[in-house]
Amino acid sequence: RNEDQVRITNYEPAAGNAGADITVACKSSVFLDALLETGNGLWSFVSVSGDAPVPTIVSPILPNTEINGLGSQSSGDPAVYQFQYTISNGPDCDTIRDVVAVTVYEAPTEAFAGNDAALCSQSIYTLDATPTTVGSGKWIKVNGPNIPVIVDSSAYNSPVSGLIAGTYVFYWETTTE
């Protein structure tokens, strides 16, 4: 008598994705957030724009691995990194490849709204923040006795009209996103 056996392994198809794109300012590391439902995943570096630094994938087999060595381009322009998450499960199942983009902006110009001012019966005043050299700025009225008009909320030196007696607070915010 002669016997033999056969083993049949029926794999589920690979399932998952690389997660949502990420945008950061002035950070040199991020955590990727892939979804791995079925199979084995592996991160790989695909590309970076311009002359931005080449990153390091800390642990390519972890769905939520850390990426180090990120930065903007030497010109100050944002860098766009692409990382691919490859998911496989079994020799005959299709492989899934999904790409996530990580955009890294340079830190914006430090916000300085200007010096406090004391006026006497003025209805208009020109705000005087530090001009932005990296990114953009925006004026926001925080509080005051009425709602004045900020003529150009994105101009560092925007006039504000419609002032009445009382104390106003304006906020100058800079951002690169």
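Across all non-hydrogen atoms, the minimal contact from Ile124 to Pro159 is CD1-CB, 4.2 Å. Nearest approach of Thr38 to Glu12, heavy atoms of both residues: CG2-CB, 3.8 Å. Across every non-hydrogen atom of Ala165 and Pro145, the tightest pair is O-CG, 3.5 Å.
Between Gln84 and Thr86, the side chains place a donor N or O and an acceptor N or O closer than 3.5 Å (distance only, hydrogens not considered).
Using a distance-only test at 3.5 Å, with no hydrogens or angles considered, a donor-acceptor pair links the side chain of Ser75 to the main chain of Asp77. Side-chain atoms of Thr109 never come within 3.5 Å of backbone atoms of Thr132 as a donor-acceptor pair (strictly under, hydrogens ignored). Between the side chain of Asp94 and the backbone N or O of Pro13 there is no donor-acceptor pair closer than 3.5 Å. For Asp51 (side chain) and Ser74 (main-chain N/O), a donor-acceptor pair under 3.5 Å exists by modelled atom type. Checked by atom type and distance alone, the side chain of Asp98 pairs as donor or acceptor with a backbone atom of Ala18 at under 3.5 Å. Between the side chain of Ser49 and the main chain of Val80, a donor-acceptor pair closer than 3.5 Å is present.
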Requested in this report: For Val104 and Tyr81, run side chain to side chain contact (heavy atoms under 4.5 Å, CB included): C-alpha distance rounded to whole Å, both residues' side-chain angles, the deciding distance at 0.1 Å, then the answer.
Outcome: CA-CA 8 Å; Val104 180; Tyr81 292 85; 4.0 Å; yes
Query raised in the report: Could you go step by step and tell me if Val24 and Tyr105 meet the side chain to side chain contact (heavy atoms under 4.5 Å, CB included) rule?
Result: CA-CA 6 Å; Val24 296; Tyr105 288 90; over 6 Å; no
Report task. May I have the step-by-step check of side chain to side chain contact (heavy atoms under 4.5 Å, CB included) for Val169 and Tyr171, ending in yes or no? Result -> CA-CA 7 Å; Val169 177; Tyr171 181 78; 6.0 Å; no
Report task. Apply side chain to side chain contact (heavy atoms under 4.5 Å, CB included) to Thr175 and Ser136, showing your working. Result -> CA-CA 6 Å; Thr175 183; Ser136 60; 4.1 Å; yes
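Side chains of Asn17 and Tyr85 form no contact here, defined as non-hydrogen atoms less than 4.5 Å apart. Side chains of Phe45 and Pro55 form a contact here, defined as non-hydrogen atoms less than 4.5 Å apart.
Linking Ile, Leu, Val, Met, Phe, Trp and Tyr residues whenever their side-chain heavy atoms come within less than 4.5 Å places Leu36 and Ile57 in a single cluster.
Within a 6.0 Å sphere centred on CG of Asn143, other residues, nucleotides and ligands contribute more than 12 heavy atoms. Residue Lys138 qualifies as open at atom NZ: its count of foreign heavy atoms under 6.0 Å is 12 or below.
Residues satisfying the side-chain contact (heavy atoms from CB on, under 4.5 Å) test with Gln82, not counting sequence neighbours, are Val46, Ser47, Val99. Annotation: salt bridge (charged side-chain N to carboxylate O under 4.0 Å, His left out) contacts of Arg1 (sequence neighbours excluded): Glu3. With sequence neighbours excluded, the residues that form a side-chain contact (heavy atoms from CB on, under 4.5 Å) with Ser88 are Thr95.
Residues Leu119, Tyr125, Leu127, Trp139, Ile150, Tyr156, Val160, Ile164, Tyr168, Phe170, Trp172 make up the rest of the hydrophobic cluster containing Leu163, defined by ILVMFWY side-chain heavy atoms closer than 4.5 Å, directly or through other members.
Within the structure, salt bridge (Lys or Arg N to Asp or Glu O under 4.0 Å) contacts touching residues 20-42 (residues at least two apart or in different chains) do not occur.
Atom NZ of Lys141 is separated from atom CD1 of Ile147 by 6.0 Å, given to the nearest 0.5 angstrom.
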Side-chain donor-acceptor pairs under 3.5 Å in residues 61-73, sequence neighbours left out?
unit_1 : atom_1 : unit_2 : atom_2 : d
Thr65  : OG1    : Ser59  : N      : 2.8
Thr65  : OG1    : Ser59  : O      : 3.0
Gln73  : NE2    : Pro78  : O      : 2.9

